[in-house]
K.L.:
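Below: one structure in structure tokens.
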Amino acid sequence: MRLSQYFLPILKDTPKEAEILSHQLMLRAGLIRQSSAGIYSWLPMGHRVLQNITQIVREEQDRAGALEMLMPTLQSADLWRESGRYDDYGKEMLRIKDRHDRDLLYGPTNEELITDIFRASVTSYKDLPRNLYHIQWKFRDEIRPRFGVMRGREFLMKDAYSFDLTEEDARASYNRMFVAYLRTFHRLGLKAIPMAAETGPIGGDLSHEFIILANTGESEVFCHQDLIDLSIPDETIDFQSDLSPVVAKWTGKYAATSDMHDAAKFEAEVPEDKRMSARGIEIGHIFYFGTKYSEPLNCTVQDANGELVPVHSGSYGIGVSRLVAAIIEASHDENGIIWPKNVAPYDVGLVNLKVGNSETDNACQTFYDKARTAGFSVLYDDTDNRAGSKFATMDLIGLPKQVIIGPRGLKDGHVEVKIRATDERKTVSVDNIDQIL
RNA sequence: CGGGGCAUGGCGCAGUCUGGUAGCGCAUCUGGUUUGGGACCAGAGGGUCGCAAGUUCGAAUCUUGCUGCCCCGACCA
């Protein structure tokens, strides 16, 4: 993409409404614009990041055997009355009436709807287990939205729902999502730690929050330091196999949010030099809630004995839009964002130091074409701004690599390559320019 | 919802106390000089000062009401 043809509104000054760094950088780097409290538009650059994250989430859900679908944002109130949550959920749920005066709601979550779909079509234990997910915009009318997309009212969420015959099977489903989450966050360049968590209004008795440590995190967390660098299963892991050893490894050491924190247990189980207490950002949350919805909604199957039994369910959420902010919180410096490779909106930033000079123009064009042909996405700064301004922009938007081409270097037959994360710079022969990718 | 704050061009701000021609920096546009780490000179465009009512000869400025946004708290992916 040529910057001269792009929509990338960069801000030099920090908008005063932005308090935390990720919010400031998202506004400054032209990723988002606010449209009202807790509701944001995603500009082209931000949208690309959101898409990249979405794709990684999707790939790992698919790998774990979950099936993607898409449910509507608007739901009928009737289903929620059936589960009893229409009254329980409170003012956080946005309620709407249609022209016929029927009660609708903008979905804050989808347990009811998916259970309704499932119960209508599945009647046999032979059709279990199943795990269905979608990646969809949710609305929760937060009392106080804040910190940009970190706590917006409208947010993009991946939510998966598992259905099993027995509690034991359901725990296997839970474990599959547990491992999928470890892999997902790892691929996103994050060190997420699963922590024992409260189940909240969704209910149930088995739940973990996936937390990344960050000073600006909203919750206080406590954990064993060794959890930070535990190894992550690679892509060869068999999701049909028993995953409980992996889960056991990750849940074997103390980790809890402040709600679940037990100071005495913490001190008993964790040596003093391994005790970590820190702020954390919740980026995922998984629940097993048994028959909490299948019973009131009468979602049953016939078991091997021909008896009708309610299915055992769990739900599994990842805050996709929040992840954009969380990644920035975890990866930035004083000059701007540093995108992990897998989520970066473009692989390479190409800086033409002297637009209009035929040699630099040609060298840039050649690299631009080669890189794209080789499958890399390139943001080509072909504007006639000054070098300093271009470098500042590139650093702010945080692409992993920058290729800098100017007449001076070309005279000696080289270009400069800069790695954003390390600020490492090297000169590369013009002839080898395609090898740097 | 309780407490605190803010609202003046795209962004950041001054002006409000003490009413009298709406300003500054950045950004944008034009021309020129420049060009290897946020250039310089000259010029230009862009704001019914959040909305409404009131006081006044006259309101960004004073009064009242409203709306929006931000921060702290309770609540939450």
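Just the heavy atoms: all of them, side chains too, but no hydrogens, waters or symmetry mates, feed the values below. Throughout, a chain's letter reflects where its sequence line sits, starting with A, and its residues are numbered from 1. These numbers come from a predicted model, not from an experiment.
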K.L.:
Under 4.0 Å, heavy atoms only, any strand: does A:G152 hit a base, just the sugar-phosphate, or nothing?
P.N.:
base
K.L.:
Side chain of A:P15 only, heavy atoms from C-beta on: which candidate in B:U8, B:C11, B:C70 is closest?
P.N.:
B:C11
K.L.:
For B:G38, what is the paired nucleotide under Watson-Crick or G-U wobble rules, both distances under 3.5 Å?
P.N.:
none
K.L.:
Are A:R322 and A:F155 in a cation-pi setup, meaning NZ or CZ lies under 6.0 angstrom from the ring centre and within 45 degrees of the ring axis?
P.N.:
no
K.L.:
Paired with B:C62 by Watson-Crick or G-U wobble geometry, both distances under 3.5 Å: which nucleotide is it?
P.N.:
B:G54
K.L.:
Checking base pairs now: Watson-Crick or wobble, both atom distances under 3.5 Å. What partners B:U18?
P.N.:
none
K.L.:
Here's a test of your reading of the structure: between A:M150 and A:S35, which maps to the more 5' nucleotide of RNA chain B?
P.N.:
A:S35
K.L.:
Could you give the CD-to-C1' distance, from A:E142 to B:C1, as a whole number of Å?
P.N.:
14 Å
K.L.:
Less than 4.0 Å between a side-chain N and a carboxylate O, is that true for A:K354 and A:D361?
P.N.:
no
K.L.:
What is the distance from CG of A:D13 to C1' of B:G9, rounded to the nearest Å?
P.N.:
14 Å
K.L.:
Categorize A:E17 for me: base, sugar-phosphate, or nothing, with a 4.0 angstrom heavy-atom threshold over every strand shown.
P.N.:
sugar-phosphate
K.L.:
Would you kindly give the CD1-to-P distance between A:I39 and B:C70, to the nearest whole Å?
P.N.:
11 Å
K.L.:
Please state whether the rings of A:Y6 and A:Y346 are parallel, tilted or perpendicular, taking 30° and 60° as the class boundaries.
P.N.:
perpendicular
K.L.:
Taking atom P in both B:G31 and B:G38, what distance in whole Å separates the two?
P.N.:
25 Å
K.L.:
How far, in whole Å, is B:G32 from B:C51 if one measures between their C1' atoms?
P.N.:
45 Å
K.L.:
Can you tell me how far C1' in B:A52 sits from the matching atom in B:U67, rounded to whole Å?
P.N.:
10 Å
K.L.:
Please give, in whole Å, the distance from B:G12 P to A:E19 CD?
P.N.:
14 Å
K.L.:
For the side chain of A:I143, counting heavy atoms from C-beta on, which of B:C71, B:C70, B:A74 is nearest?
P.N.:
B:A74
K.L.:
Which value, in whole Å, describes the distance between the P atoms of nucleotides B:C6 and B:A14?
P.N.:
10 Å
K.L.:
Taking atom C1' of B:A74 as reference, at what distance in whole Å does atom CD of A:E218 sit?
P.N.:
13 Å
K.L.:
May I ask you to say whether A:K191 pairs ionically with A:D229, meaning some side-chain N is under 4.0 Å from a carboxylate O?
P.N.:
yes
K.L.:
Mind checking if A:F139 touches a base, just sugar-phosphate, or nothing, with heavy atoms under 4.0 Å?
P.N.:
nothing
K.L.:
When rounded to the nearest Å, what value does the distance between P atoms of B:G15 and B:G50 take?
P.N.:
15 Å
K.L.:
Is it possible for you to check whether A:R81 lies under 6.0 Å from the centre of the six-membered ring of A:Y86, through NZ or CZ, and within 45° of that ring's axis?
P.N.:
yes
K.L.:
Should the ring pair A:F185 and A:Y181 be called parallel, tilted or perpendicular, given that the plane angle runs from 0 to 90° and is split at 30 and 60?
P.N.:
perpendicular
K.L.:
B:C69 C1' sits how many Å from A:R144 CZ, rounded?
P.N.:
12 Å
K.L.:
Checking A:T257 against A:E209: is there a side-chain donor and acceptor pair closer than 3.5 Å?
P.N.:
no
K.L.:
When we call it a touch if two heavy atoms are under 4.0 Å apart, what does A:S36 touch: a base, just sugar-phosphate, or nothing?
P.N.:
sugar-phosphate
K.L.:
Can you check whether A:Q34 has a side-chain N or O nearer than 4.0 Å to OP1 or OP2 of B:C70?
P.N.:
yes
K.L.:
Return the value, rounded to whole Å, for the distance between atom NZ of A:K16 and atom C1' of B:A14.
P.N.:
13 Å
K.L.:
For B:G45 and B:G4, measure between their P atoms and round to the nearest Å.
P.N.:
45 Å
K.L.:
Rounded to whole angstrom, note down the C1' distance from B:A39 over to B:G25.
P.N.:
16 Å
K.L.:
For B:C6, which nucleotide is its Watson-Crick or G-U wobble mate, given both distances must be under 3.5 Å?
P.N.:
B:G68
K.L.:
Just wondering, more than 12 heavy atoms not from A:E359 lying within 6.0 Å of its CD?
P.N.:
no
K.L.:
Could you tell me whether a side-chain N or O of A:T360 sits under 3.5 Å from a main-chain N or O of A:N357, the two making a donor and an acceptor?
P.N.:
yes
K.L.:
If the C1' atom of B:C75 is compared with that of B:U16, how far apart are they to the nearest Å?
P.N.:
38 Å
K.L.:
Any side-chain N or O of A:R146 under 4.0 Å from OP1/OP2 of B:G73?
P.N.:
yes
K.L.:
According to the Watson-Crick and G-U wobble definitions, with both distances under 3.5 Å, which nucleotide is paired to B:A44?
P.N.:
B:U28
K.L.:
Assign a letter to each nucleotide of nucleotides 27-41 of chain B from its 5' end: B, base within under 4.0 Å of a protein heavy atom; S, sugar-phosphate only; -, no contact.
P.N.:
S------BSBBBB--
